[in-house]
Peer 1: 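Got a structure here, written out as structure tokens. Questions coming.
All values reported here derive from a predicted model rather than from experimental measurement. Naming: A, B, ... by sequence-line order, numbering from 1 per chain. All heavy atoms count here, side chains included; hydrogens, waters and symmetry mates do not.
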Protein chains: 2
Amino acid sequence: MKMDKISCKEELTALRDSLEILGGKWKLQIMRYLSNRPTEENNFKKIKQGIPGISAKMLSKELKDLEINLLINRTVRDTKPLTVAYSITNYGKSVVPVTSMLVNWGLEHREKIIKNYN
Amino acid sequence: MKMDKISCKEELTALRDSLEILGGKWKLQIMRYLSNRPTEENNFKKIKQGIPGISAKMLSKELKDLEINLLINRTVRDTKPLTVAYSITNYGKSVVPVTSMLVNWGLEHREKIIKNYN
DNA sequence: CTGGATCCCTTGTGATACTG
DNA sequence: CAGTATCACAAGGGATCCAG
């Protein structure tokens, strides 16, 4: 936990750094999916089916990005046909609170919107 | 605070709802900027100068989106020349924890990356 | 099964000039 | 001051086919 006082500009820079790593349509969804299944064998196909609407191309790209940033592990199993298991790293678990917060926010936002229409 | 158990698919849907409202390059930065200045007169020009890199076009568009979603207020002052004040709504304050978390995450991520290069 | 390569359309974003 | 209009380009993302 950071306790130093930082300026607004520094805050915005940090915020941008986060968004650069975690932003976009899919990354947080993938992180959430994997964090919900820490013990299972999460192979490519299974993840693709678990995240509605994502294409193979996007999933492939996003997984690569997340791996580069040390947020997930990619393990190739020498089976035949070969399979690949993806899992969250310990470091990657640091984004779980972020996704939790957004999940709750999304639920409450929908409630709020619905209330406004009644 | 939600205590109901929800399925992973529902979680991802809620996450997507959040990202639809708050996602993109600028919305969270704008929210952060405004939440840091709740008492000041935040006019268009000032916000534009406070958020490095944003264009007038984008700022205009994003402010409109945020207003539609009830996250910020837009108040036209009948001065001359006319000025417009933007401020966070009470509801909009609910996203402050999200931005705080991302600011901290961004700071720590940078530290981590630097450490990995040494 | 995993996922790279290619093609192509849509959307996002920036620069510039301009209006009320 | 507070934006809008227009153009132009980059990035995002889907579909399809193909290879290890």
Peer 1: Just distance, no hydrogens or angles: give the donor-acceptor pairs under 3.5 Å from side chains in residues 65-72 of chain A, sequence neighbours left out.
Peer 2:
unit_1	atom_1	unit_2	atom_2	d
A:D65	OD2	A:K61	NZ	3.3
A:N69	ND2	A:D65	O	3.2

Peer 1: To the nearest 0.5 Å, what is the distance between CE on B:M101 and CG on A:L102?
Peer 2: 9.5 Å

Peer 1: Tell me, which of residues 30-47 of chain A have any heavy atom that sits under 4.0 Å from an atom in DNA chain D?
Peer 2: none

Peer 1: For A:E20, give me all partners under side-chain contact (heavy atoms from CB on, under 4.5 Å), at least two apart in sequence or on another chain.
Peer 2: none

Peer 1: Quick one: label A:K64 by what it contacts on the DNA or RNA (base, sugar-phosphate, nothing), any heavy atom closer than 4.0 Å.
Peer 2: sugar-phosphate

Peer 1: Can you name the side-chain contact (heavy atoms from CB on, under 4.5 Å) partners of A:K25, sequence neighbours left out?
Peer 2: none

Peer 1: Reading DNA chain D 5' to 3', which nucleotide is the first, and which the last, to come under 4.0 Å of any heavy atom in chain A?
Peer 2: D:dG13 to D:dG20

Peer 1: Which part of the nucleic acid does A:R77 contact within heavy-atom distance under 4.0 Å: base, sugar-phosphate only, or nothing?
Peer 2: nothing

Peer 1: Taking side-chain hydrogen bond (donor to acceptor under 3.5 Å, both in side chains) as the definition, give me every residue that meets it alongside A:W26, ordered by chain and number, with sequence neighbours left out.
Peer 2: none

Peer 1: What side-chain donor-acceptor pairs closer than 3.5 Å can you find for residues 10-17 of chain A, not counting sequence neighbours?
Peer 2:
unit_1	atom_1	unit_2	atom_2	d
A:E10	OE1	A:S7	N	2.8
A:E10	OE1	A:S7	OG	3.3
A:E11	OE1	B:R32	NE	2.5
A:E11	OE1	B:R32	NH2	2.9
A:E11	OE1	B:N36	ND2	3.1
A:E11	OE2	B:R32	NH2	3.3
A:T13	OG1	A:K9	O	2.9
A:R16	NH1	B:P52	O	3.0
A:D17	OD2	B:R110	NE	3.0
A:D17	OD2	B:R110	NH2	2.5

Peer 1: Test of understanding: with salt bridge (charged side-chain N to carboxylate O under 4.0 Å, His left out), list the residues that count as partners of B:K46, not counting sequence neighbours.
Peer 2: B:E40

Peer 1: Need one value for A:G53: base, sugar-phosphate or nothing, where a base atom within 4.0 Å counts as base even if backbone is also close, heavy atoms only.
Peer 2: sugar-phosphate

Peer 1: What's touching nucleotides 10-13 of chain C from the protein side, N or O pairs under 3.5 Å?
Peer 2:
unit_1	atom_1	unit_2	atom_2	d
C:dT13	O4	B:K57	NZ	3.3

Peer 1: What residues, two or more places apart in sequence or in another chain, satisfy side-chain contact (heavy atoms from CB on, under 4.5 Å) together with B:T83?
Peer 2: B:R77, B:T79

Peer 1: List the residues meeting side-chain contact (heavy atoms from CB on, under 4.5 Å) with A:S60, not counting sequence neighbours, and say none if there are none.
Peer 2: A:F44

Peer 1: Excluding sequence neighbours, so at least two apart, what forms side-chain hydrogen bond (donor to acceptor under 3.5 Å, both in side chains) with A:S94?
Peer 2: B:W105

